[in-house]
Amino acid sequence: MGFKLDFLRSGALPTVALSPVVSEQTLEFNGRLLSYRVRRSTRQSLAMQVLPEGAVQVSAPWKVPQLEIELFIRRHQRWLEKRLRLVAS
């Protein structure tokens with residue numbers, strides 16, 4: 001019983017660390033299918049990168065819906081196409 005009271009008095013609360021989760025997704029993009037990875041984590045904003053092997057990765061907060069991620073990719077279409085061309089050459 002003393003342990004329980006000490007735990008409550010200390011103000012320490014158990015925490016759950018959410019590890020990043022990566023999932024594979026596909027989106028129709030310029031008449032072709034674009035495969036990309038979504039990495040969900042505790043970050044606060046969306047970010048996109050083209051990795052050296054040509055893979056597209058979007059990093060997103062846990063709370064952002066998939067539709068918003070797809071709209072983000074479409075809004076950055078020109079940037080993405082340019083990066084994919086640079087990696088392919």
Side-chain angles (χ1 to χ4, degrees):
M1 181 95 147
F3 171 74
K4 184 176 181 184
L5 291 176
D6 290 341
F7 179 77
L8 292 175
R9 282 188 199 128
S10 72
L13 296 175
T15 59
V16 176
L18 297 175
S19 299
V21 172
V22 178
S23 64
E24 299 288 330
Q25 302 290 327
T26 308
L27 173 68
E28 188 174 337
F29 187 76
N30 278 351
R32 63 184 180 92
L33 290 179
L34 172 71
S35 295
Y36 62 98
R37 295 180 202 148
V38 176
R39 182 180 185 274
R40 292 190 179 267
S41 67
T42 56
R43 67 177 294 121
Q44 299 296 309
S45 61
L46 289 166
M48 182 167 41
Q49 65 186 113
V50 176
L51 303 175
E53 69 274 9
V56 176
Q57 179 170 294
V58 178
S59 298
W62 287 104
K63 63 185 177 191
V64 173
Q66 182 62 32
L67 179 59
E68 191 171 334
I69 293 170
E70 291 175 8
L71 291 172
F72 176 79
I73 293 170
R74 292 183 192 283
R75 278 195 310 269
H76 294 86
Q77 177 179 342
R78 280 192 275 175
W79 178 90
L80 181 56
E81 288 172 340
K82 180 180 177 182
R83 293 295 182 269
L84 288 170
R85 278 193 308 273
L86 287 171
V87 169
S89 60

*Asks:* Taking only residues at least two apart or on different chains, which pairs with a member in residues 56-71 satisfy salt bridge (charged side-chain N to carboxylate O under 4.0 Å, His left out)?
*Replies:*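 Of all non-adjacent pairs touching residues 56-71, none passes salt bridge (charged side-chain N to carboxylate O under 4.0 Å, His left out).
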*Asks:* Just jot down the side chain to side chain donor-acceptor pair (under 3.5 Å) partners of R43, sequence neighbours excluded, or say none.
*Replies:*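 Result, side chain to side chain donor-acceptor pair (under 3.5 Å) vs R43: S45.
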*Asks:* Taking W79 as the starting point, is it possible to reach F29 by hopping between hydrophobic residues whose side chains are less than 4.5 Å apart?
*Replies:* yes
*Asks:* Minimum heavy-atom separation for I69 to A60, with atom names?
*Replies:* CD1-CB, 3.8 Å
*Asks:* Identify the two heavy atoms, one from P20 and one from R39, that lie closest to each other, and give their separation to 0.1 Å.
*Replies:* CG-NH2, 3.1 Å
*Asks:* Between L34 and T26, is any pair of side-chain heavy atoms under 4.5 Å apart?
*Replies:*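 No, side chains not in contact.
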*Asks:* Any side-chain heavy-atom pair from R37 and V58 closer than 4.5 angstrom?
*Replies:* no
*Asks:* Apply side chain to side chain contact (heavy atoms under 4.5 Å, CB included) to residues I73 and L80 and explain how you reach the verdict.
*Replies:* CA-CA 8 Å; I73 293 170; L80 181 56; 4.0 Å; yes
*Asks:* Can you list everything that forms a side chain to side chain donor-acceptor pair (under 3.5 Å) with S23? Sequence neighbours excluded, please.
*Replies:* Q25
*Asks:* Under a single-linkage definition using a 4.5 Å side-chain heavy-atom cutoff for Ile, Leu, Val, Met, Phe, Trp and Tyr, are M48 and L84 assigned to the same hydrophobic cluster?
*Replies:*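 Shared cluster, yes.
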*Asks:* Quick one: pull up CZ in R32 and CD in E28 and give me the separation to the nearest 0.5 Å.
*Replies:* 11.0 Å
*Asks:* Using a 4.5 Å cut-off between side-chain heavy atoms of Ile, Leu, Val, Met, Phe, Trp and Tyr, which other residues end up in the same hydrophobic cluster as V22?
*Replies:*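 Besides V22, the hydrophobic cluster comprises nothing; the residue is isolated.
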*Asks:* Residues in side chain to side chain donor-acceptor pair (under 3.5 Å) with Q66, at least two apart?
*Replies:*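 With sequence neighbours excluded, Q66 shows a side chain to side chain donor-acceptor pair (under 3.5 Å) to Y36, given in chain and number order.
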*Asks:* Using a 4.5 Å cut-off on heavy atoms from C-beta on, say whether the side chain of V21 contacts that of W62.
*Replies:*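 W62 vs V21: side chains touch.
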*Asks:* With sequence neighbours excluded, tell me which residues meet salt bridge (Lys or Arg N to Asp or Glu O under 4.0 Å) with R74.
*Replies:*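 In terms of salt bridge (Lys or Arg N to Asp or Glu O under 4.0 Å), with neighbours along the sequence ignored, R74 is linked to no residue.
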*Asks:* Going by heavy atoms in the side chains, are E24 and V38 under 4.5 Å from each other?
*Replies:* no
*Asks:* Taking C-beta and beyond as the side chain, do R75 and L71 meet within less than 4.5 Å on heavy atoms?
*Replies:* yes
*Asks:* How many angstroms lie between CD in Q49 and OG in S59, if you round to the nearest 0.5 Å?
*Replies:*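 If we round to the nearest 0.5 Å, Q49:CD and S59:OG are 6.0 Å apart.
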*Asks:* Testing the basics here: between V87 and P52, what is the closest heavy-atom pair and its distance to 0.1 Å?
*Replies:* CG1-O, 3.4 Å
